[in-house]
Number of protein chains: 2
Amino acid sequence: MSKSSLTLSPLQTAACCSPLQREPLSIEQAEQVAPLLKAMADPVRLRLVSLVASYAGGEACVCELTNAFDLSQPTISHHLKVLHETGLLDRSKRGVWVYYKVRTEALDSLAALIGGASA
Amino acid sequence: MSKSSLTLSPLQTAACCSPLQREPLSIEQAEQVAPLLKAMADPVRLRLVSLVASYAGGEACVCELTNAFDLSQPTISHHLKVLHETGLLDRSKRGVWVYYKVRTEALDSLAALIGGASA
DNA sequence: CCCGGACATTGATGTCTGTCAACATAGATA
DNA sequence: TATCTATGTTGACAGACATCAATGTCCGGG
């Protein structure tokens, strides 16, 4: 388990490169960024991210999120895990509840990479 | 899947909604945007997009792109098809060659949706 | 100390996807 | 027309993924 290539935060991956349209991505850069986009490339996870962001303080507990979907609790838990492992959501446990929070910097870095033609 | 929901251009999908972090995506919005992200959520396609953008005039012919990868020509053709069908690349045939071009507006819309910096 | 609720993990399953080899098509040229 | 080259299409297959039911874990209250 080579930690070195797996412990990259989204800021290190998405923010590593100049915008897509500015200069070609290297193979390695592309392979680092792709998982981030893959994590967002799911309707449920897209809604999860936007839902979490809409809650007070940009935080939501799993129970609230689970209720917003017509999916089983393990499925939601799985999606949240994906979003957390890619660094798009932060996780904090308070008592019995687990709260997820959007990592704004991560999303901003991704956006800058994709669209930042003028940035 | 009904056809009516598949004929939406990326500008109609990504540009349809306010930024992710601003207001929760509806189920339909999420299902329209996800394919766009899915199209970009592949290392090869990411590099294809950035490569195309880097060529003169933001255009590149398939032969040039194929040479840049260690993949078969049908595979590259497949990826280009995906990117074209989602509206991320424009296609134009000139003589024997086919040129692909980045649709900047599409990428910008996506970026705006994710990062919500520029509204 | 046990029980119930909140969340995660596991194992199974059906579907999607990236890839290639083989074949098809279209345009230029002799 | 015959042929070569550039590109797209098809069929097949292995690996990835979304989902659920069942089970496990952690914690607070009785």
Side-chain angles (χ1 to χ4, degrees), chain A residues 1 6 25 27 30-49 51-52 55 59-86 88-101, chain B residues 1 5-6 25 27 30-49 51-52 55 59-101:
Chain A
M1 40 188 109
L6 288 179
L25 259 58
I27 298 181
E31 285 176 346
Q32 285 172 3
V33 174
L36 269 181
L37 286 165
K38 193 168 285 185
M40 304 220 41
D42 180 278
V44 174
R45 290 199 287 262
L46 264 179
R47 284 187 66 217
L48 274 173
V49 170
L51 256 182
V52 167
Y55 272 78
E59 268 190 342
C61 89
V62 179
C63 57
E64 297 170 305
L65 298 172
T66 302
N67 288 334
F69 293 83
D70 203 21
L71 294 170
S72 69
Q73 173 266 322
T75 297
I76 299 297
S77 186
H78 162 68
H79 286 305
L80 289 171
K81 183 183 183 181
V82 171
L83 290 169
H84 175 244
E85 282 179 344
T86 52
L88 293 169
L89 292 185
D90 266 339
R91 209 183 98 107
S92 66
K93 195 166 186 174
R94 289 206 289 276
V96 189
W97 296 276
V98 173
Y99 289 81
Y100 284 91
K101 183 174 185 176
Chain B
M1 304 291 184
S5 63
L6 289 178
L25 260 56
I27 297 181
E31 285 175 347
Q32 287 170 2
V33 173
L36 269 180
L37 287 164
K38 193 168 287 186
M40 305 222 38
D42 180 277
V44 175
R45 291 198 288 264
L46 263 179
R47 282 186 67 216
L48 274 173
V49 170
L51 257 182
V52 168
Y55 272 79
E59 266 188 344
C61 91
V62 179
C63 57
E64 298 170 306
L65 298 172
T66 302
N67 288 335
F69 293 85
D70 202 22
L71 294 170
S72 69
Q73 173 267 321
T75 296
I76 299 297
S77 185
H78 161 68
H79 286 305
L80 289 170
K81 183 182 183 183
V82 170
L83 289 169
H84 176 244
E85 283 180 345
T86 51
L88 293 169
L89 291 184
D90 267 338
R91 209 184 99 106
S92 66
K93 196 167 187 175
R94 288 206 290 277
V96 188
W97 296 274
V98 173
Y99 290 81
Y100 285 90
K101 183 175 186 176

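The sequence lines fix the lettering, A, B, ..., with proteins before strands; numbering per chain opens at 1.
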### Task
Answer yes or no: does a side-chain N or O of A/K81 lie under 4.0 Å from OP1 or OP2 of C/dA8?
no
#### Entry: Shortest non-hydrogen separation from B/S92 to B/E59 and the atoms involved
OG-OE2, 3.8 Å
### Message
Classify A/Y100 by what it touches in the nucleic acid, base, sugar-phosphate, or nothing, heavy-atom distance under 4.0 Å.
### Response
sugar-phosphate
### Task
Measure the spacing between OH of A/Y99 and CD of A/E64 and express it to the nearest 0.5 Å.
6.5 Å
### Whole-Å gap separating C1' (D/dG8) and NE2 (B/H84)
13 Å
### Message
Between B/N67 (side chain only) and B/C63 (backbone N and O only), is there a donor and an acceptor less than 3.5 Å apart?
### Response
yes
### Query
Taking atom C1' of C/dA6 as reference, at what distance in whole Å does atom CH2 of A/W97 sit?
9 Å
### Task
Determine, stepwise, if the pair A/F69 / A/V44 fulfils side chain to side chain contact (heavy atoms under 4.5 Å, CB included).
CA-CA 8 Å; A/F69 293 83; A/V44 174; 3.8 Å; yes
### Query
How would you label the contact of B/R94 with the nucleic acid (heavy atoms, under 4.0 Å): base, sugar-phosphate, or nothing?
nothing
### Task
Send over the distance from A/E64 CD to C/dA6 C1', rounded to a whole Å.
13 Å
### Value in whole Å for how far the C1' atom of C/dA8 lies from NZ of A/K93
9 Å
### For DNA chain C, the residues among residues 69-78 of chain A that have a non-hydrogen atom under 4.0 Å from it
A/Q73, A/P74, A/S77
### Task
Report the nucleotide, chosen from D/dG8, D/dC17, C/dA26, that has the shortest atom-to-atom distance to any side-chain atom of B/V62.
D/dG8
### Task
Take the protein atom CG of A/L80 and the nucleotide atom P of D/dC17, then report the distance between them rounded to whole Å.
17 Å
### Task
Indicate yes or no: at least one non-hydrogen side-chain atom of A/H79 is less than 4.5 angstrom from one of A/T75.
yes
### Message
If I take atom NE2 in residue B/H79 and atom P in nucleotide D/dT9, what distance separates them, rounded to the nearest angstrom?
### Response
15 Å
### Message
So does A/V62 get a backbone contact from the side chain of A/T66, meaning a donor-acceptor N/O pair under 3.5 Å?
### Response
yes
### Query
Within a strict 4.5 Å, meaning less than it, do heavy atoms of the A/L46 and B/L37 side chains meet?
yes
### Task
Look at B/R45 and C/dG18 and indicate whether a side-chain polar atom (N or O) is within less than 4.0 Å of OP1 or OP2.
yes
### Task
Nearest whole angstrom, please: distance from the C1' of D/dA16 to the NZ of B/K38.
12 Å
### Message
What is the distance, to the nearest angstrom, from the CG atom on A/L83 to the C1' atom on D/dA18?
### Response
13 Å
